[in-house]
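Only a predicted model underlies this, so the values are computations on that prediction, with no experimental measurement involved.
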Amino acid sequence: MKQMTSHTFTPKHLLVAAWLLLAVFQQANAQEADSTGNDPKYSLSLSYGIGAMFFTPDVQSYSVYDFDSTVMQGSSTLEELTTDLKIKPFLLKFDIKTSPKSSLGVQLIYNGFTATGIRIDSVWVPASGTHTITAKNTSYTMNRIRVQLTFTKHFYHKNPLFESYFYVGLGGSRKYRKYRVGNELENFQEAPVSGTVNFPVSIRLAYGLRFHVSERSSLQAEFGFGGPLVAIGLSTRF
């Protein structure tokens with residue numbers, strides 16, 4: 001029987017932690033920036049991809065049958081994995097202004113999922129003339145990290161509460177995968193999981209809008225390609 005696992009770490013916890021982190025940055029740097037009279041040069045933002053095209057089926061199964069015609073018997077393997085936790089993309093972006101309307105930065109995008117299940121092997125044993133049946137718990141985890149260099153153009157509006165921006169990001173992508181059968185680590189390519197191909201190049205084009213809730217903090221929403229289609233988050237300037 002498949003063992004149920006509980007997860008105390010959720011995307012909601014990350015958003016709460018991010019808000020506290022941004023608040024600390026804002027509080028620590030606002031006084032210094034105001035005393036010098038200079039506009040903030042740096043910005044830090046964290047967004048969550050609510051509209052991500054992240055395909056992980058709820059249930060994935062795999063079966064194989066090896067038939068021995070000499071004894072008219074065969075061995076089989078049946079496995080089923082169920083997705084337990086899916087983490088849609090988080091985007092962490094740090095920018096440095098190079099001019100009033102341009103900035104350079106670096107962006108980290110993370111997403112992943114975990115799945116657990118059971119594998120049943122039925123092996124024909126000629127010596128005993130019977131099948132030996134074993135059942136083992138299985139698990140599969142995938143963590144994807146994309147790191148990009150970004151160039152951003154900022155657009156300011158008559159209403160000072162709003163700011164829009166467009167950026168392009170270019171970098172690399174890496175997937176870290178583990179497949180466990182029982183207590184043994186196996187080749188992750190043998191897991192009954194689709195969509196495991198990793199593209200080493202990562203590109204993102206996005207347009208966003210920020211609403212300034214204070215002099216240093218903003219709410220933001222962006223729409224893009226090469227990652228989540230829609231992402232919402234928080235940002236701070238210092």
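Here the side chain of S139 pairs no donor or acceptor atom with the backbone of T116 at under 3.5 angstrom. Judged purely by atom type and a 3.5 angstrom limit, R174 has no side-chain atom pairing as donor or acceptor with the backbone of V147.
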Test log, rule salt bridge (Lys or Arg N to Asp or Glu O under 4.0 Å), inputs K136 and E186: CA-CA 13 Å; K136 295 181 180 179; E186 304 287 348; over 6 Å; no
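Counting all heavy atoms, side chain and backbone alike, H157 lies closest to S164 at NE2-OG, 2.9 Å. Across all their heavy atoms, P228 and G49 have their closest contact at CB-CA, 3.5 Å. Considering all non-hydrogen atoms of both residues, N111 and K88 come closest at CB-C, 3.9 Å. Closest heavy-atom contact between Y62 and P192: CB-CB, 3.2 Å.
Legend: residues meeting side chain to side chain donor-acceptor pair (under 3.5 Å) with K153, ordered by chain and number and at least two apart, are S102. Partners of F225 by ring pair (Phe, Tyr, Trp, His ring centres under 6.0 Å), not counting sequence neighbours: none found. Taking the side-chain contact (heavy atoms from CB on, under 4.5 Å) definition, one finds that S103 meets it with D95, K97, T152, H154, sequence neighbours left out.
Atom OH of Y65 is surrounded by more than 12 heavy atoms from other residues, nucleotides or ligands within 6.0 Å. Within 6.0 Å of CG on N183 lie no more than 12 heavy atoms contributed by other residues, nucleotides or ligands.
A centroid separation of 6.0 Å or more is found between the aromatic rings of Y167 and F151.
There is a path of hydrophobic side-chain contacts, each under 4.5 Å, that joins F166 to L104. Taking hydrophobic clusters as Ile, Leu, Val, Met, Phe, Trp and Tyr residues chained together by side-chain heavy-atom distances below 4.5 Å, I203 does not share a cluster with I109. If you chain together hydrophobic residues whose side chains sit under 4.5 Å apart, L229 and L91 never meet in one group.
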